[in-house]
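Treat the numbers as computed from the prediction; the structure is a model and nothing was measured.
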Amino acid sequence: MEYEAVIGLEVHAQLLTASKIFCGCATTFGGAPNTQVCPVCLGMPGSLPVLNRQAVACALKMALATDCRVSEESIFARKNYFYPDLPKGYQISQYERPLAEHGHLTIRVNGAARRIGITRIHLEEDAGKLIHSEARPVSFVDFNRTGVPLIEIVSEPDLRTPDEAVEYLKALRNILLYLEICDGNLEEGSFRCDANVSLRPSGAAALGTKTELKNMNSFRFVKAALEYEIKRQRARLAAGREIVQETRLWDAAQNQTVSMRGKEEAHDYRYFPDPDLVPVKIAPEWLDALRQNLPELPVARRQRFQRDYDLPEYDAEVLTSDKALADHFEATLKQAPDLSPKHVSNWIMGEVLREMKKGTLVIGVEPATTPPPIKIDVAEVVHITSSATASLLTLVEKGTISGKLAKTVFEEMVATGKDPEAIVKERGLAQISDAETLLPLAQEIIDANPKEAGDYRAGKTKVMGFFVGQLMKKTKGQANPQLANELFKRLLG
Ligand SMILES: [Zn+2]
């Protein structure tokens, strides 16, 4: 029997507010353990939560950007469970009446557009973090993260393949970055994803039994975990066995999912409205103001790139699908307005993107600003600013170095973090464009290759490529190819 996979994703995104969702504690990552806590986020008896307006504003922006319907009134609920990282014994979340519902997002997979439904977006608080000691049989808990605002974005079970799931996650993360409400860092856990996966006979309407996957902290792991789980379920079904509804963890070291616990049902959490918090009513004027002030989103930016920079749709799509790339592109052109936008686009989509995919390169916009955080696999990273890209491409357009040598310079920029002009000077890579230097070298080549010279004079103009190639070799790629052509023509003519 043929089966199709049905995938739904639950994304948790930490909101970039200065303080926590129900108290004034700082949300900065990496502080000494338990230094960013107070009676409210530690769940001390008698303390009372107060909702952070900025967290609601961030959540509403995401709701608007994904065409959700914002509820006039939503309710905070207590989700009760026991775990050592949860000091109150319950998490404040939203259940029956979430902040927003019925949105959607359009993704592109292999050129085809797919509309993915968003069931709901709700606000909740994050839990603390357990640190398990490797040296001793003890565990520690850090409550700094307790009460950091999160939005949970739940998709409809509209995704069919691991590739679609990854595209959806990338698109979602990109919108969060465009809105500047989340830093999208998968490794630090500010953008996390759980996946629900089930299989059903192709064409069937009813859903099969699902498993929930956790612990996937990179796009690569999401894809691998989904692929593994689909294969595992297919093998069980083919053998006539049942799928057990459960939560499974992705084990990156073993490349497999392993059973973690039986799946809880909603009733296990004994949700009820939090009596300490009033219902959230969204004033229409506030929502309108937020809508008016939404920043430019990926689709609008793509259209503007096509219009203002005369870029092909493909280029505009690639550049704007990652805010860091789009920002780098625009900042480069701002710093060097004489550059051809298509030249800059080709460069970023080729060389820069290739290095970024290795995970060792972070790009920024200005020399002074902090580069946007991206998923980094390797500890050693190099930052390339837009001013470095601008000066490198200016060297090419001015003819100081050839396009081919620019790649060599870029390799060294990535390896050493040095400035392109300094590299060209240090290594003497500047293109040789004066005839006086090249002429004697060209003559030498002709003298050493009488047969080819004869061929050329007999009308076989194709050997010109051979002569230019020889001169390139002699000058380590630094001869100006156009000038080389002219010189050989003159000497052989
Ligand atoms: Zn606090």
Side-chain angles (χ1 to χ4, degrees), residues 61-62 64-67 103-116 118 163-182 184 191 219 291 293-358 361-366 369 371-375 384-394 396-397 403 406-407 410:
K61 284 182 195 172
M62 191 57 184
L64 291 169
T66 50
D67 286 316
H104 62 88
L105 185 65
T106 300
I107 57 166
R108 266 167 213 266
V109 182
N110 303 325
R114 289 261 287 122
R115 184 181 154 124
I116 309 302
I118 289 175
D163 282 331
E164 283 183 8
V166 169
E167 279 313 306
Y168 167 83
L169 287 174
K170 284 184 177 169
L172 213 56
R173 177 179 176 275
N174 200 34
I175 293 175
L176 291 164
L177 292 177
Y178 270 75
L179 292 170
E180 297 180 342
I181 57 170
C182 173
F191 182 90
F219 291 132
R291 188 182 283 118
N293 293 309
L294 276 186
E296 187 181 42
L297 291 168
V299 173
R301 199 171 195 187
R302 186 184 78 215
Q303 288 160 352
R304 182 167 63 78
F305 274 22
Q306 285 179 255
R307 192 177 62 235
D308 291 2
Y309 299 114
D310 206 19
L311 290 181
E313 190 184 6
Y314 176 80
D315 292 45
E317 171 97 36
V318 172
L319 292 175
T320 56
S321 66
D322 182 334
K323 183 170 185 287
L325 283 184
D327 287 349
H328 193 79
F329 169 80
E330 289 212 276
T332 300
L333 280 173
K334 204 172 162 194
Q335 265 140 356
D338 292 337
L339 288 176
S340 134
K342 181 61 181 146
H343 181 197
V344 179
S345 162
N346 287 347
W347 181 262
I348 291 176
M349 292 198 307
E351 303 307 309
V352 175
L353 204 53
R354 182 158 49 240
E355 283 299 323
M356 280 176 76
K357 279 184 179 157
K358 291 186 198 161
L361 178 70
V362 176
I363 55 172
V365 291
E366 296 281 343
T369 56
I374 59 159
K375 167 80 184 85
I384 300 279
T385 61
S386 54
S387 59
T389 300
S391 60
L392 176 62
L393 297 185
T394 302
V396 178
E397 289 204 359
K407 292 178 186 178
F410 184 64

Checklist entry - So Leu319 and Ser345, side chain to side chain contact (heavy atoms under 4.5 Å, CB included) or not? Walk me through it. => result CA-CA 8 Å; Leu319 292 175; Ser345 162; 4.0 Å; yes
Checklist entry - What is the distance from atom CD of Glu167 to atom CD1 of Ile116, rounded to the nearest 0.5 Å? => result 10.5 Å
Checklist entry - Got a sec: does the CG of Asp308 have more than 12 other heavy atoms crowding it under 6.0 Å? => result yes
Item to check | Check: Pro295 and Leu179 side chains under 4.5 Å, non-hydrogen atoms | outcome: yes
Checklist entry - What orientation do Phe410 and Trp347 show, parallel under 30°, tilted 30 to 60°, or perpendicular over 60°? => result perpendicular
Checklist entry - Can you tell me how far the CZ atom of Arg173 sits from the CD1 atom of Ile175, to the nearest 0.5 Å? => result 12.5 Å
Checklist entry - Does any non-hydrogen side-chain atom of Phe329 lie less than 4.5 Å from one of Leu311? => result yes
Next on the checklist: Ignoring hydrogens, what is the shortest heavy-atom contact between Gln306 and Ala316? Give both atom names and the distance.
Outcome noted: CG-CB, 3.7 Å
Next on the checklist: Taking the side chain as everything from C-beta on, heavy atoms only, tell me whether Glu397 gets closer than 4.5 Å to Leu393.
Outcome noted: no
Next on the checklist: Within the 4.5 Å heavy-atom criterion, are Arg114 and Thr106 side-chain neighbours or not?
Outcome noted: no
Next on the checklist: For Pro298 versus Asn174, what's the shortest heavy-atom pair and its separation?
Outcome noted: CG-ND2, 3.6 Å
Checklist entry - Who are the ring pair (Phe, Tyr, Trp, His ring centres under 6.0 Å) partners of Tyr178, not counting sequence neighbours? => result none
Next on the checklist: Taking atom CG as the centre, does Asn110 end up with more than 12 heavy-atom neighbours from other residues, nucleotides or ligands that are less than 6.0 angstrom away?
Outcome noted: no
Item to check | Residues Asp67, Leu105; criterion side chain to side chain contact (heavy atoms under 4.5 Å, CB included); working and verdict | outcome: CA-CA 8 Å; Asp67 286 316; Leu105 185 65; over 6 Å; no
Checklist entry - Would Met356 and Leu325 satisfy side chain to side chain contact (heavy atoms under 4.5 Å, CB included), going step by step from the backbone distance to the final call? => result CA-CA 10 Å; Met356 280 176 76; Leu325 283 184; 3.7 Å; yes
Checklist outcome for this item: Those residues at least two apart in sequence (or on a different chain) that pass ring pair (Phe, Tyr, Trp, His ring centres under 6.0 Å) with Tyr168 are none
Checklist entry - Side chains of Leu339 and Thr394: does their closest heavy-atom pair fall under 4.5 Å? => result yes
Item to check | Residues forming a salt bridge (Lys or Arg N to Asp or Glu O under 4.0 Å) with Lys342, sequence neighbours excluded | outcome: Asp315
Checklist entry - In Å and rounded to the nearest 0.5 Å, what is the CD1 to CZ distance from Ile348 to Arg354? => result 14.0 Å
Next on the checklist: Can you confirm whether the side chains of Thr389 and His328 place a donor and an acceptor under 3.5 Å from each other?
Outcome noted: yes
Next on the checklist: Nearest 0.5 Å, please: how far is CG in Leu392 from OG in Ser387?
Outcome noted: 11.5 Å
Checklist entry - Nearest 0.5 Å, what's the CG-CE distance between Leu176 and Met62? => result 4.0 Å
Item to check | Side-chain heavy atoms of His104 within contact of Thr66, under 4.5 Å | outcome: no
Checklist entry - Side chains of Asp310 and Pro341: closer than 4.5 Å at any heavy-atom pair? => result no
Item to check | Test salt bridge (Lys or Arg N to Asp or Glu O under 4.0 Å) applied to Asp163 - qualifying residues, sequence neighbours left out | outcome: Lys223
Item to check | Validation row: Leu353, Asp322 side chains within 4.5 angstrom (heavy atoms) | outcome: no
Checklist entry - Which atom pair, heavy atoms only, marks the closest approach of Val396 to Ala406? => result CG2-CB, 3.6 Å
Item to check | Set of residues satisfying salt bridge (Lys or Arg N to Asp or Glu O under 4.0 Å) with respect to Glu330, sequence neighbours excluded | outcome: Arg301, Arg304
Item to check | Atom of Leu297, atom of Ala65 and distance for their closest heavy-atom approach | outcome: CD1-CB, 3.8 Å
Item to check | Verdict with supporting geometry, Glu180 and Lys323, side chain to side chain contact (heavy atoms under 4.5 Å, CB included) | outcome: CA-CA 10 Å; Glu180 297 180 342; Lys323 183 170 185 287; 3.6 Å; yes
Item to check | From CG (Leu172) to CG (Leu177), nearest 0.5 Å | outcome: 10.5 Å
Item to check | Residues forming a salt bridge (Lys or Arg N to Asp or Glu O under 4.0 Å) with Glu317, sequence neighbours excluded | outcome: Arg108, Arg302
